[in-house]
Protein chains: 2
Amino acid sequence: MFERTGRPLSPQEILELGQNQADGLSLPTVYRALKAMTEAGELTTVDLPGQAARYELGGLHHHHHFLCEDCGRLFDIPGCPGAVHALAPEGYQVARHDLTLIGSCPDCSTP
Amino acid sequence: MFERTGRPLSPQEILELGQNQADGLSLPTVYRALKAMTEAGELTTVDLPGQAARYELGGLHHHHHFLCEDCGRLFDIPGCPGAVHALAPEGYQVARHDLTLIGSCPDCSTP
DNA sequence: GCTTTATTGATAATGCACTTGCAATAGCAA
DNA sequence: TTGCTATTGCAAGTGCATTATCAATAAAGC
């Protein structure tokens, strides 16, 4: 019950991975484990619009995500354009930000 | 039935605005109008994770959004850090990107 | 003024992600 | 092995945004 694939996984993906790995695994069990691990700080949540949330290991460096429109997978991408907070107009206090690149991953862009 | 408040509105917000403006307005009507106007290209959709979608006028310049965690409202912010696409690692083809700043709007940060 | 058509509102239904209740199973100590 | 506790799977249930249904009302045409 550990996710080391290097990219954020959705509950469905976790379910399928778990089922492939010999043990039968059910969706409620996935959600129960995710909830427990998130509360324990081991995982963090990555929310996407209109889709199920993804989960990745907590304590990672600040980074952003790449969403492949073809396969629906989400990837971590390192780095961050520094000037982001300066975009906020006068009076807006920025606590954090969220950047997602959308396109095709290597697997899907070179068929 | 036109939204010129200068920021993206959720169906709920549109409903409340419409109801305040003399006419009784119902949620199905809001969704019907939004669907028609979106298909006609007059509106574009702004999806947020875990929340109802927002709608804003189509044909605006490239811009991003600011989400106030206190009041839940979404605002337009001009500009864009140019170097965004360069963040993608080798092999990832970026079609577009999505940047959201999260924090407190002027109304909420100075009570 | 009266019939036909379109639009609206109220309500119920759908789809989806996620959660819960509960019986069955696994793990483990004695 | 026996009995107890914790975890699991299954199936049903929640909550929410969105959509369909359909009668009623408003607008348009005659």
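Throughout, a chain's letter reflects where its sequence line sits, starting with A, and its residues are numbered from 1.
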List the atom pairs, with distances to 0.1 Å, where a side-chain N or O of residues 71-86 of chain B and a protein N or O form a donor-acceptor pair under 3.5 Å, not counting sequence neighbours.
unit_1: Arg73(B); atom_1: NH2; unit_2: Asp107(B); atom_2: OD2; d: 2.9
unit_1: Asp76(B); atom_1: OD1; unit_2: His63(B); atom_2: NE2; d: 3.3
unit_1: Asp76(B); atom_1: OD1; unit_2: His65(B); atom_2: NE2; d: 3.2
unit_1: His85(B); atom_1: NE2; unit_2: His97(B); atom_2: ND1; d: 3.2

Are Leu48(B) and Ile102(A) connected in a single hydrophobic cluster, I mean Ile/Leu/Val/Met/Phe/Trp/Tyr linked by side-chain heavy atoms less than 4.5 Å apart? no
Glu69(B): which residues meet the side-chain hydrogen bond (donor to acceptor under 3.5 Å, both in side chains) condition with it, sequence neighbours left out? Arg96(A)
List the residues meeting side-chain hydrogen bond (donor to acceptor under 3.5 Å, both in side chains) with Thr100(A), not counting sequence neighbours, and say none if there are none.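 Counting only residues at least two positions away or on another chain, Thr100(A) forms no side-chain hydrogen bond (donor to acceptor under 3.5 Å, both in side chains).
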Check nucleotides 14-19 of chain C for protein N or O atoms closer than 3.5 Å to its own N or O atoms and list the pairs.
unit_1: dC18(C); atom_1: OP2; unit_2: Tyr31(A); atom_2: OH; d: 2.5
unit_1: dC18(C); atom_1: O5'; unit_2: Tyr31(A); atom_2: OH; d: 3.4

Any salt bridge (Lys or Arg N to Asp or Glu O under 4.0 Å) pairs touching residues 79-95 of chain B, not counting sequence neighbours? none
Please state how far atom [atom1] in [X] lies from atom [atom2] in [N], giving the value in whole angstrom units.
{"X": "Leu15(A)", "N": "dC10(D)", "atom1": "CG", "atom2": "C1'", "value": "13 Å"}
{"X": "Glu39(B)", "N": "dT18(D)", "atom1": "CD", "atom2": "P", "value": "15 Å"}
{"X": "Arg54(B)", "N": "dT18(D)", "atom1": "CZ", "atom2": "C1'", "value": "15 Å"}

Output every pair passing side chain to side chain donor-acceptor pair (under 3.5 Å) with a member in residues 36-53 of chain B, not counting sequence neighbours, ordered by first then second residue. Gln51(B)-Arg54(B)
Any Ser26(B) side-chain nitrogen or oxygen under 4.0 Å from OP1 or OP2 of dT8(C): no
